[in-house]
Number of protein chains: 2
Amino acid sequence: MPDPMYRQIAEDLRQKIESGELGHGDQLPTELELREEYEASRNTIRDAVKWLIARGLVETRPGQGTFVMGEIEPYVTVLDFDTGFGQGAVYTSGTQATRKRKVPRASDPRIEIHQAAGNLAEELRLEEGTAVISRNQQRFIDDKPWSLQTSLYPMSFVARGAGELIQAKDIPGGVVRYLEDVLGIKQVGWRDKISVRPPDQTEALFFGLPDNGRVEVFEIRRIAFQDSGTPLRLTVTTFPADRNEFVVHVGRVPGEMPTPAGRVDESGP
Amino acid sequence: MPDPMYRQIAEDLRQKIESGELGHGDQLPTELELREEYEASRNTIRDAVKWLIARGLVETRPGQGTFVMGEIEPYVTVLDFDTGFGQGAVYTSGTQATRKRKVPRASDPRIEIHQAAGNLAEELRLEEGTAVISRNQQRFIDDKPWSLQTSLYPMSFVARGAGELIQAKDIPGGVVRYLEDVLGIKQVGWRDKISVRPPDQTEALFFGLPDNGRVEVFEIRRIAFQDSGTPLRLTVTTFPADRNEFVVHVGRVPGEMPTPAGRVDESGP
DNA sequence: GGGTATTTGTCCGTATGTATT
DNA sequence: AAATACATACGGACAAATACC
């Protein structure tokens with residue numbers, strides 16, 4: 001048992017939460033009530049509550065009180081099933097029976113032209129300074145913020161005839177299909193790198209993350225390749241880490257998810 | 001610009017860190033110095049520092065001072081390359097040139113017999129109450145804690161002749177190869193589910209995570225299947241989220257990593 | 001809409017404990 | 001042993017957000 005008083009208070013409250021004595025969404029006693037209950041100062045109570053907040057067990061709402069965190073049904077994204085933007089193999093978590101397929105919707109992209117540098121140049125295997133197109137989209141599920149996605153393509157694709165890439169509108173069917181249709185560039189595979197990091201300001205704002213720094217974001221960097229082995233695109237997608245999970249199938253895996261092994265489909269994440 | 005004073009102080013310090021004015025490992029002014037510099041009370045300075053801690057920008061060391069967090073070179077684990085326990089496709093991050101292959105070492109397993117219930121029963125497709133073997137191992141890279149792994153197998157494997165499963169020692173070559181050799185049970189594929197959550201006490205202790213709740217853990221649940229489509233094992237592995245990344249290859253991906261697409265190898269994670 | 005009570009957020013000052021050098 | 005630096009705990013005051021009448 002840790003000795004600081006605020007930790008003991010926190011452990012006691014945690015036990016009440018984890019035992020179910022306090023259920024999801026329930027309000028805790030107010031700081032003043034806890035102050036009397038534990039015979040501690042209000043600041044010490046607040047330290048205990050901060051400790052619970054840091055572990056995602058409770059949240060405070062100014063003017064209302066302190067509440068046990070509600071349960072989250074994470075979205076599950078299948079990484080080896082590459083669908084067009086705005087559609088996808090996304091499910092709610094839960095038992096097999098309650099699982100529901102979800103259909104994402106994407107905003108029109110914000111287009112920017114960058115010069116490849118550092119990491120980006122290495123990942124797309126371009127000379128430093130080469131022009132690249134950046135297509136940035138907000139993606140929603142049930143009209144709730146779900147992910148932020150930026151795809152980067154060599155600018156040369158435009159000169160070769162893929163003019164839609166620099167148009168600020170969604171490409172129905174996805175960019176990957178478009179590139180194959182127009183340029184004959186075929187995506188034959190990709191590599192995903194999955195990591196977790198604190199959100200930047202844009203992400204915190206879009207996802208509505210609390211500003212206490214507790215919720216991090218998944219960052220998935222997908223480098224997709226052409227038949228020649230040349231990178232075709234880099235797509236960076238971020239998701240709030242507290243309400244998303246990812247699934248990968250390797251080899252032969254029995255049905256249930258619509259993901260025959262070893263198959264390659266089209267576009268993002 | 002946020003108005004609370006502690007946030008303004010925090011933003012100012014953050015800017016100094018992110019601009020490089022304060023480098024990795026550098027010591028910040030002491031609380032008393034900051035108190036004079038910003039003309040605030042020590043408690044307010046401490047609130048600012050706590051905000052920086054919550055974002056992983058600094059750490060405090062009692063008796064020493066406050067320091068900018070050192071840089072971490074994450075380990076990169078290739079999820080579609082299933083190696084034997086204690087070997088594996090694990091790399092340091094960084095540019096292609098500085099990347100180094102790492103070889104994990106696993107402790108002897110702690111063996112437990114459980115009854116399948118709830119999630120576990122569903123995932124292994126066993127009746128509730130069926131006996132399962134739990135093999136729990138600590139895994140190290142360069143003798144530093146790297147991951148905790150628990151593999152669960154149906155108890156029936158033992159009756160059918162796989163007695164090594166309930167021996168508290170590592171099985172050279174991996175359990176998957178052992179099961180194929182002894183029982184003819186062949187692993188043909190698997191499904192990984194990747195999520196992030198706060199560490200439990202065991203994990204926090206083993207990984208040496210700070211008790212401020214900032215560092216979460218990756219949890220990777222791998223259900224591996226036999227040719228018949230029946231689950232063969234459930235392996236749950238956890239990694240500190242601040243120093244691990246994961247890579248997945250789908251379809252055809254050019255060399256560099258030793259992972260020809262569509263190949264299936266042996267055992268964990 | 002306005003006013004009031006409730007509840008958490010910010011800020012201050014002080015004292016003492018504990019870890020490190 | 002002494003000095004330094006962060007950690008814990010107390011108390012008080014006022015601000016800001018919310019709910020309710």
Side-chain angles (χ1 to χ4, degrees), chain A residues 1-14 17 22 25-70 204 208-214, chain B residues 1-14 17 22 25-70 204 208-214:
Chain A
M1 196 63 167
D3 30 63
M5 191 190 308
Y6 79 95
R7 286 279 275 116
Q8 296 193 24
I9 297 170
E11 294 290 356
D12 191 61
L13 290 170
R14 164 154 87 160
I17 292 167
L22 288 163
D26 285 2
Q27 179 167 10
L28 272 68
T30 67
E31 292 175 351
L32 292 184
E33 285 165 346
L34 290 171
R35 181 179 141 287
E36 302 202 340
E37 184 176 340
Y38 291 104
E39 295 179 329
S41 78
R42 181 172 164 233
N43 281 328
T44 300
I45 297 298
R46 283 177 62 76
D47 281 345
V49 171
K50 277 178 203 159
W51 191 88
L52 295 171
I53 290 174
R55 277 150 192 77
L57 293 171
V58 306
E59 63 183 331
T60 54
R61 301 178 205 148
Q64 296 187 56
T66 305
F67 300 83
V68 180
M69 278 289 224
L209 304 181
D211 81 331
N212 56 26
R214 222 204 61 77
Chain B
M1 198 64 167
D3 26 66
M5 191 188 313
Y6 79 95
R7 286 279 274 115
Q8 295 193 22
I9 296 170
E11 293 292 353
D12 190 60
L13 289 170
R14 163 154 86 162
I17 292 167
L22 289 164
D26 284 3
Q27 179 167 9
L28 272 66
T30 67
E31 292 175 349
L32 293 184
E33 286 165 343
L34 290 171
R35 180 181 144 286
E36 303 202 340
E37 183 176 340
Y38 291 104
E39 296 180 327
S41 80
R42 182 171 163 235
N43 282 330
T44 300
I45 297 297
R46 281 178 63 75
D47 282 344
V49 171
K50 276 179 202 158
W51 192 89
L52 294 171
I53 292 173
R55 277 152 192 76
L57 293 171
V58 305
E59 64 183 330
T60 55
R61 302 181 205 143
Q64 298 188 52
T66 305
F67 299 84
V68 180
M69 279 289 225
L209 304 182
D211 81 330
N212 56 26
R214 222 203 62 77

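Below, read A as the first sequence line, B as the second, and so on, with proteins coming before strands; counting in each chain starts at 1. Note: hydrogens, waters and symmetry copies are ignored here, and every other heavy atom, side chains too, is used.
Gln27(A) places a side-chain N or O within donor-acceptor distance of the main-chain N or O of Gln64(A), the cut-off being under 3.5 Å.
The shortest distance between side-chain heavy atoms of Pro210(A) and Glu59(A) does not fall below 4.5 Å. The closest side-chain heavy-atom distance from Leu34(B) to Leu13(B) is below 4.5 Å. Looking at Val58(A) and Leu22(A), their side chains never come closer than 4.5 Å, going by heavy atoms from C-beta outward. A heavy-atom distance below 4.5 Å is not found between the side chains of Tyr38(B) and Thr44(B).
Note on Arg7(A) versus Glu11(A): salt bridge recorded, some NZ/NE/NH1/NH2 to OD/OE distance being below 4.0 Å.
The partner of dA1(D), taking Watson-Crick or G-U wobble pairs whose two distances both stay under 3.5 Å, does not exist in any strand shown.
What separates CG of Asn43(B) from P of dC11(C) is a distance of 11 Å, to the nearest Å. One atom, CD1 of Ile45(B), and another, C1' of dT10(C), lie 14 Å apart when rounded to the nearest Å. Met5(A) has its CE atom 13 Å from the P atom of dT18(C), to the nearest Å.
Once rounded to the nearest 0.5 Å, the distance linking CZ of Arg14(A) with CZ of Arg55(A) reads 7.0 Å.
First and last contacting nucleotides of DNA chain D toward chain A (any atom under 4.0 angstrom from a heavy atom, 5' to 3' order): dT8(D) to dA19(D).
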Close N/O contacts between protein and nucleotides 5-9 of chain C (under 3.5 Å):
unit_1 : atom_1 : unit_2   : atom_2 : d
dT7(C) : O2     : Gly63(A) : N      : 3.4
dT8(C) : OP1    : Thr66(A) : N      : 3.4
dT8(C) : OP1    : Thr66(A) : OG1    : 3.4
dT8(C) : OP2    : Glu31(A) : N      : 3.0
dG9(C) : OP1    : Thr60(A) : OG1    : 2.8
dG9(C) : OP2    : Arg46(A) : NH1    : 2.9
dG9(C) : OP2    : Arg46(A) : NH2    : 3.4
dG9(C) : N7     : Arg42(A) : NH2    : 2.7
dG9(C) : O6     : Arg42(A) : NH1    : 3.1

For a side-chain contact (heavy atoms from CB on, under 4.5 Å) check, start with the C-alpha distance between Leu57(B) and Met69(B), then their side-chain angles and the critical distance, and finish with the verdict.
CA-CA 6 Å; Leu57(B) 293 171; Met69(B) 279 289 225; 5.9 Å; no
